[in-house]
2 protein chains.
Amino acid sequence: MTEAASRPTLEAVAARAGVSRATVSRVVNGGEGVREPLVERVRQAVEELGYVPNQAARSLVTRRHDAVAVVIAEPEDRVFADPFFARQLRGISKELTAHDNQLVLLLTEGRDDHARVARYLAGGHVDGALVFSLHLDDPLPGLIRHAGVPTVFGGRPGWSDGAGRAAYVDSDNRGGARAAVRHLADLGRTRIAHITGPLDQTSAADRLDGYRDVVGHAEPLLVVESDFTPGGGERAMRALLDRVPGLDAVFAANDLTAAGALRVLRERGRRVPDDVAVIGFDDMLPLAEQTDPPLTTVRQDIEEMGRLMARMLLHRPGPGAPGGDGAEADAAAGVVLPTTLIRRASA
Amino acid sequence: MTEAASRPTLEAVAARAGVSRATVSRVVNGGEGVREPLVERVRQAVEELGYVPNQAARSLVTRRHDAVAVVIAEPEDRVFADPFFARQLRGISKELTAHDNQLVLLLTEGRDDHARVARYLAGGHVDGALVFSLHLDDPLPGLIRHAGVPTVFGGRPGWSDGAGRAAYVDSDNRGGARAAVRHLADLGRTRIAHITGPLDQTSAADRLDGYRDVVGHAEPLLVVESDFTPGGGERAMRALLDRVPGLDAVFAANDLTAAGALRVLRERGRRVPDDVAVIGFDDMLPLAEQTDPPLTTVRQDIEEMGRLMARMLLHRPGPGAPGGDGAEADAAAGVVLPTTLIRRASA
DNA sequence: GTGAAAGCGCTAACAA
DNA sequence: TTGTTAGCGCTTTCAC
């Protein structure tokens, strides 16, 4: 219970081991070019004193921080209706931990916070940033790119100004949607409706594209834009049933929407999947398992997305590497992860 | 797009403003004791150069970091089946941001990670820690207390070794449970069952106590220990129905469990709430709204819990203050937040 | 292979 | 009120 009084310094360790500070430093940082017996002596001294390097002092000279910012820009409550970010965080955390990096979490509450985040990032407190921003018109990504910090985005960024260079990780929204709709078609369904998400988000737009890849643009009446919420799903489902009473399948852009749709279908006396088959997207648990009937849906490997984002940031070619200055790295700007159709009872 | 070359230092600002570094420092840190015209000159130079203080250099001398660690020790997937932590994080983040503190997120994956976290905390990289650890036998809280870092716990800590001094924030699990069960009694229900959570978690134990406050210990057959999962809820509900077919109400220790119970009740042909009334705990959205019927449940103000934790940590009496050395602060060790019964259709 | 010494950018006495 | 100066604890040339 020795009170934190003042923690031992390199100096103290050096004294104890009977070597110079430089030697201790070398040992602490990997021990390259120090002879074995000395290494051992220093290790022991470190152990005995419970020495932990002072990161501030180290950063001051190395200009590295071994810290990465995770920026989550989600003004709405959606972040919390959804374990999505939590899972990605887990993936990110694992990868960062494996490389001895710390995770600094920056949550933004709205536009006011943007300046704060931009300042922080520009302030060089972290070695890079992982950014989640879902809306096309979000000014934050621009601010961040301007801050000159190496960045990897979560989800395909929607802006278009020479953004070919932005590194990102996304899941295969389009392919997943295609698989879902194709599955409905294979079931013999011919009037397949789609409840979209907010189309200012690339994930929603991509899922719509996937739907169209299979059914074409033939029946615009079968597509309703919604908002990724259960309430929106209900409204959309009602509209669809009013417009096309004979529809026999629904592909909802996410599970929340699908849950709302399911309720309306039940309320209107449609049996699922007998009369109308339903597929969602996300495999959001426990929701997808708890709906009635349990929801067939498209799963994405969210944790892996997080891990990959961190890996891309950490392993990007260093500032001195050929072909780039680090911030605007290398070739493969975007990485897209596969999705899987999870069959339950609803389709 | 000026590449981060090297950011301006205090020195540069001083030169530009024609003053000394000390003066710039004073202005940057609030401007106390500097005459107005100078303040203005310095501010301008800061602006023009886009100066941002180097936190590492500052920490090195002040030994403060304006950073707080949030430690989430949850080996299981529960963290992510539940927006609980995300919400608390939001609350914490808001409060920290308001006081210009950064949030360093430490997720632990299991025992292996404990040493890492303990080392980090002991390393003096942060000014304090907010710790979530749900299990009685978790060694992490002990390690952390040993690290000598000011700490506030999320949820009443369960260990007993002189832990009267540990600061924590919890919601009124016992009172909430009492309100739920009392509501069931007011509905005229007389055979009220309880599906508990894992009793090695104080929240589950406290909810059981609340239940007993109302119904007493009379009917042990009406209480089944479960695990906070839907599957566990199903199993518990089956056991309950087998043992006490005539039961007319169930208080489930959380919404996930309640959802499982609801399914079994339907499957066994019991109408809810007519035959059996059901109440959950948490008000976990969207689940609680999407069950059939929508779930009556006990809501806790999760975000406020987070905010309060941060506030307690930030405003704790400083190291020099009377009556304590900061780590083992003042009087009110624990703060308990009220809960609210949310009435929906299930009870 | 090892040590001595020079800062990294900042704050905090202390002097002026 | 302002400036001068001495470090904070560490890494990193550069000699030896």
Side-chain angles (χ1 to χ4, degrees), chain A residues 4-43 45-46 49-67 100 122-127 320, chain B residues 4-43 45-46 49-67 100 120 122-127 319-320:
Chain A
S6 69
R7 297 180 304 107
T9 69
L10 248 204
E11 182 93 49
V13 178
R16 175 137 198 149
V19 298
S20 73
R21 275 149 54 199
T23 297
V24 177
S25 175
R26 288 191 264 260
V27 171
V28 168
N29 291 292
E32 297 287 300
V34 179
R35 248 192 279 274
E36 192 43 49
L38 272 201
V39 171
E40 209 34 64
R41 271 222 320 268
V42 172
R43 288 251 161 80
V46 165
L49 264 40
Y51 169 74
V52 182
N54 179 322
Q55 184 64 41
R58 176 180 281 174
S59 292
L60 187 54
V61 33
T62 60
R63 289 148 183 298
R64 288 179 46 263
H65 302 265
D66 297 319
D100 266 311
H125 301 298
V126 291
D127 302 324
Chain B
S6 70
R7 297 181 303 108
T9 68
L10 248 203
E11 182 94 51
V13 177
R16 175 143 197 143
V19 299
S20 73
R21 277 150 49 199
T23 298
V24 177
S25 175
R26 288 192 265 260
V27 171
V28 168
N29 292 293
E32 297 286 302
V34 179
R35 246 191 279 272
E36 191 45 46
L38 271 201
V39 171
E40 209 34 64
R41 271 219 325 266
V42 172
R43 288 251 160 80
V46 165
L49 265 38
Y51 169 75
V52 183
N54 179 322
Q55 184 64 41
R58 177 180 281 175
S59 292
L60 187 55
V61 33
T62 60
R63 288 149 182 297
R64 285 180 47 265
H65 302 265
D66 297 321
D100 266 311
Y120 182 77
H125 301 299
V126 291
D127 302 325

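What you see is a predicted model, and the numbers here were worked out from it, not measured in a lab. Order of the sequence lines fixes the chain letters, A, B, ..., with proteins taken first and strands second; residue numbering starts at 1 for each chain. For the numbers below, each heavy atom of this structure counts, side chains included, while hydrogens, waters and symmetry mates do not.
Taking five base pairs at each end of the helix from C:dG1-D:dC16 to C:dA16-D:dT1 and finding the rotation axis that steps the C1' atoms of four pairs onto the next four gives two axes whose angle is 40°, to the nearest 10°.
One finds no side-chain N or O of A:T9 lying less than 4.0 angstrom from the OP1 or OP2 phosphate oxygen of D:dG9. Using a 4.0 Å cut-off, no side-chain N or O of B:R58 falls inside it from OP1 or OP2 of D:dC8.
In this structure the side chain of A:T23 never reaches within 4.5 angstrom of the side chain of A:R41, judged on heavy atoms. Using a 4.5 Å heavy-atom cutoff, the side chains of B:R26 and B:V19 are not in contact. Side-chain atoms of A:T9 and A:N54, non-hydrogen and from C-beta on, never get closer than 4.5 Å to each other. Two residues are said to be in side-chain contact when any heavy atoms from C-beta on lie closer than 4.5 Å; A:Y51 and A:L10 meet this criterion.
Atoms CZ (B:R41) and C1' (D:dT1) sit 13 Å apart, rounded to a whole Å. Rounded to whole Å, the distance from CD on B:E11 to P on D:dT5 is 13 Å. When the P atom of D:dC10 is taken as reference, atom CZ of A:R63 falls 18 Å away, rounded to whole Å. For B:L10 and D:dT5, the CG to P distance is 17 Å, given to the nearest whole Å.
For the pair A:V13 and A:V46, the tightest heavy-atom approach, listed with the atom from each and the gap, is CG1-CG2, 3.8 Å. The two residues A:A14 and A:V24 come nearest to each other via the heavy atoms CA-CG2, 3.6 Å.
Mapping A:V34 and A:R21 onto DNA chain C by nearest heavy atom places A:V34 closer to the 5' end of the strand.
Taking NE2 of B:H125 as the reference point, atom CG of A:D66 lies at 10.0 Å (rounded to 0.5 Å). Rounded to the nearest 0.5 angstrom, A:D127 CG and A:S59 OG are separated by 8.0 Å. Atom CZ of B:R35 and atom CD of B:E40 lie 15.5 Å apart (nearest 0.5 Å).
For the pair A:S25 (side chain) and A:R21 (backbone), a donor-acceptor distance under 3.5 Å is absent. Counting only distance, with no hydrogens or angles, the side chain of B:R7 and the backbone of A:G123 share a donor-acceptor pair below 3.5 Å.
Residues passing the side chain to side chain contact (heavy atoms under 4.5 Å, CB included) test with A:R16, sequence neighbours excluded: A:A45, A:E48, A:L49. A:H65 meets the ring-ring contact (aromatic ring centres under 6.0 Å, His included) test with no other residue; sequence neighbours excluded.
A 4.0 Å heavy-atom criterion places the boundary nucleotides of DNA chain C facing chain B at C:dG9 to C:dA12, written 5' to 3'.
Residues from residues 50-57 of chain B with heavy atoms under 4.0 angstrom of DNA chain C, sorted by number: B:Y51, B:P53, B:N54, B:A57. Within residues 22-32 of chain A, the residues having any heavy atom closer than 4.0 Å to DNA chain D are, in order of number, A:A22, A:S25, A:N29.
Looking at the side chain of A:V61, the nearest of the listed nucleotides D:dT12, D:dC8, D:dT2 is D:dT12.
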